[in-house]
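Take a look at the structure set out below.
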2 protein chains.
Amino acid sequence: MSKKGILIVVSGFSGSGKGTLMKELLRRHGENYALSISATTRRPRKGEVHGREYFFMTTEEFEKKIAKEELIEYAKYVENYYGTPRDYVEKQLDAGRDVILEIEIQGALKVKEAFPETLLLFVTPPDADELKKRLVGRGTETMEVIECRMKRAAQEAAGMDKYDYLVVNDELGRCAEEMHAIIQAEHSRSFRNVEFIQGIKEELNRSLKGES
Amino acid sequence: MSKKGILIVVSGFSGSGKGTLMKELLRRHGENYALSISATTRRPRKGEVHGREYFFMTTEEFEKKIAKEELIEYAKYVENYYGTPRDYVEKQLDAGRDVILEIEIQGALKVKEAFPETLLLFVTPPDADELKKRLVGRGTETMEVIECRMKRAAQEAAGMDKYDYLVVNDELGRCAEEMHAIIQAEHSRSFRNVEFIQGIKEELNRSLKGES
């Protein structure tokens with residue numbers, strides 16, 4: 001079915017292993033997907049490469065991109081901008097590759113507003129107990145750190161039902177395959193195949209009129 | 001994810017091979033699915049078995065079922081009633097099996113209205129040319145028959161975009177697996193997992209309040 005690329009946003013609880021999961025998905029099905037690279041004004045950390053982890057730029061460059069609407073979404077954290085460059089995403093979609101953005105819920109909802117056909121996936125541990133275990137960690141964190149994580153998780157959970165699918169991250173390989181299957185199935189959604197439906201209708205109408 | 005059964009309606013162009021496809025799906029993944037059996041007031045044809053092809057009943061019995069709301073949907077064709085008994089469907093759904101109804105579009109939309117979580121699948125040939133070929137047949141039919149088929153197909157096509165997914169019936173085995181993958185992915189939809197989401201939210205709220 002639809003060979004047009006799908007824009008996919010992946011969010012999830014902090015520490016849900018989204019990053020590892022995305023790497024596994026690309027390792028297994030890299031020919032289908034492109035991972036979007038964010039632009040940021042924060043300074044590169046040791047080992048980070050421009051165009052791999054991020055597109056690093058100055059505040060002036062970033063604000064020019066905002067003004068020219070060259071970002072699909074952006075946000076400011078602390079002192080730094082983070083955003084998704086439009087040109088890379090559109091090029092990949094046109095080439096028929098599904099593009100994955102790994103962003104948090106505020107950004108996800110902005111993208112969905114701008115592109116209603118965006119597919120929203122939420123990565124979650126298999127149950128509440130497991131989530132708590134991951135948040136509490138190995139008992140080495142202070143109560144403050146744990147409480148901060150809990151609060152953030154509660155905020156993240158509040159938006160879960162805005163996502164199209166939940167992806168349970170239990171076993172890495174199984175989870176990557178499930179995510180792949182969900183995305184592939186999405187290509188068969190009727191609203192992603194309006195041209196196909198139009199073609200069938202037109203052919204039938206032509207035939208009924210006795211043309212061709 | 002969601003282990004509750006999904007109610008699935010499969011429709012498609014007459015002659016799209018839906019029946020064969022359903023049999024193949026059940027042959028491959030029978031443990032997941034139950035095929036709903038319709039009730040009808042028409043007389044059994046040779047070889048048809050009560051409770052296998054149809055539940056055969058009198059008009060009086062059928063109308064009693066209508067009055068008691070024991071049918072999910074029903075329609076009258078020519079002189080005969082056809083309908084979907086509710087009890088069998090609900091029993092299977094409760095047991096966690098996905099139930100498949102093979103009905104046409106009017107019935108499909110009625111079911112969706114009564115059960116908004118119903119999954120609507122439309123089986124279609126790979127393209128308009130192939131559809132035309134199947135409608136025209138082997139050149140042995142009269143123009144009248146072909147025209148009648150075309151008109152019916154045009155009516156069917158008019159409702160295609162009301163369905164959730166299109167399933168392209170090109171190669172039988174591939175198509176059965178695609179249908180299976182689509183249905184399995186549907187189990188991960190957020191709106192089919194409200195209890196799971198609720199559980200996560202409650203656990204986080206309890207933890208934040210310092211309850212265990």
Side-chain angles (χ1 to χ4, degrees), chain A residues 1-2 13 120-122 124-132 135-136 143 146-147 150-158 160-168 178-194 196-208 210 212, chain B residues 1-2 13 120-122 124-132 135-136 143 146-147 150-158 160-168 178-194 196-208 210 212:
Chain A
M1 289 263 66
S2 174
F13 296 112
L120 301 185
L121 306 182
F122 194 94
T124 172
D127 54 54
D129 275 355
E130 181 61 32
L131 174 61
K132 208 182 153 188
L135 293 170
V136 173
M143 272 310 290
I146 292 170
E147 201 167 300
M150 290 274 186
K151 274 190 188 153
R152 182 150 176 202
Q155 286 165 1
E156 287 160 339
M160 272 174 93
D161 27 28
K162 300 232 165 56
Y163 285 74
D164 297 305
Y165 292 88
L166 305 182
V167 183
V168 170
E178 181 176 302
M179 185 172 270
H180 179 61
I182 287 172
I183 298 167
Q184 291 316 300
E186 268 295 306
H187 280 269
S188 299
R189 301 276 295 186
S190 304
F191 76 81
R192 299 191 194 280
N193 292 280
V194 282
F196 177 87
I197 293 176
Q198 202 49 39
I200 293 264
K201 286 183 185 174
E202 280 167 13
E203 177 62 33
L204 285 168
N205 285 336
R206 261 201 306 278
S207 301
L208 271 171
S212 101
Chain B
M1 289 263 65
S2 174
F13 296 112
L120 301 185
L121 307 182
F122 193 95
T124 171
D127 54 53
D129 275 355
E130 181 61 31
L131 174 61
K132 208 181 151 188
L135 293 170
V136 172
M143 273 309 291
I146 292 170
E147 202 168 298
M150 290 273 184
K151 274 190 190 152
R152 181 151 177 199
Q155 286 165 2
E156 288 160 339
M160 272 174 94
D161 28 28
K162 300 232 165 57
Y163 284 73
D164 297 305
Y165 292 88
L166 305 183
V167 182
V168 170
E178 182 177 301
M179 185 171 270
H180 180 61
I182 287 172
I183 298 168
Q184 290 315 301
E186 267 297 306
H187 280 270
S188 298
R189 301 276 296 186
S190 304
F191 77 81
R192 299 191 195 280
N193 292 279
V194 282
F196 177 88
I197 294 177
Q198 201 49 38
I200 293 264
K201 285 183 183 174
E202 280 168 12
E203 176 63 35
L204 284 168
N205 285 337
R206 262 200 305 278
S207 301
L208 271 171
S212 79

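Bear in mind that the values here come from a model prediction, so they are computed numbers and not experimental data. Just so it is clear: chains get the letters A, B, ... in the order the sequence lines come, proteins before strands, and each one is counted from 1.
Residues A:Glu186 and B:Tyr165 meet the side-chain proximity criterion, which asks for heavy atoms closer than 4.5 Å. Contact of the B:Leu204 side chain with the A:Phe13 side chain is registered, since non-hydrogen atoms from C-beta on lie closer than 4.5 Å. The closest side-chain heavy-atom distance from B:Ile200 to A:Met160 is below 4.5 Å. Taking the side chain as every heavy atom from C-beta outward, A:Asp129 and B:Glu203 approach each other to under 4.5 Å. Considering only heavy atoms from C-beta on, B:Phe196 comes within 4.5 Å of A:Leu166 through its side chain.
Both the backbone and the side chain of A:Tyr163 come within contact range of chain B, each with at least one heavy atom under 4.5 Å from a heavy atom of that chain. In this structure, no portion of A:Lys162 lies under 4.5 Å from any heavy atom of chain B. For A:Ile182, the parts lying under 4.5 angstrom from a heavy atom of chain B are both the backbone and the side chain.
Chain B forms more heavy-atom pairs under 4.5 Å with one residue of A:Pro126, A:Ala154, A:Ser188 than with any other, namely A:Ser188. Heavy-atom pairs under 4.5 Å with chain A peak, among B:Gly199, B:Ala153, B:Ala185, B:Ser190, at B:Ser190. Of the listed residues (B:Leu121, B:Thr124, B:Val194), the one with the most heavy-atom contacts under 4.5 Å to chain A is B:Thr124.
A salt bridge is absent between A:Asp161 and B:Arg189: the closest approach of a Lys/Arg side-chain nitrogen to an acidic carboxylate oxygen does not fall below 4.0 angstrom.
Applying the side-chain contact (heavy atoms from CB on, under 4.5 Å) test to B:Glu202 and every residue at least two apart in sequence or in another chain returns B:Gln198, B:Arg206. Listed by chain and number, the residues in a salt bridge (charged side-chain N to carboxylate O under 4.0 Å, His left out) with A:Glu178 are A:Arg174 (sequence neighbours excluded).
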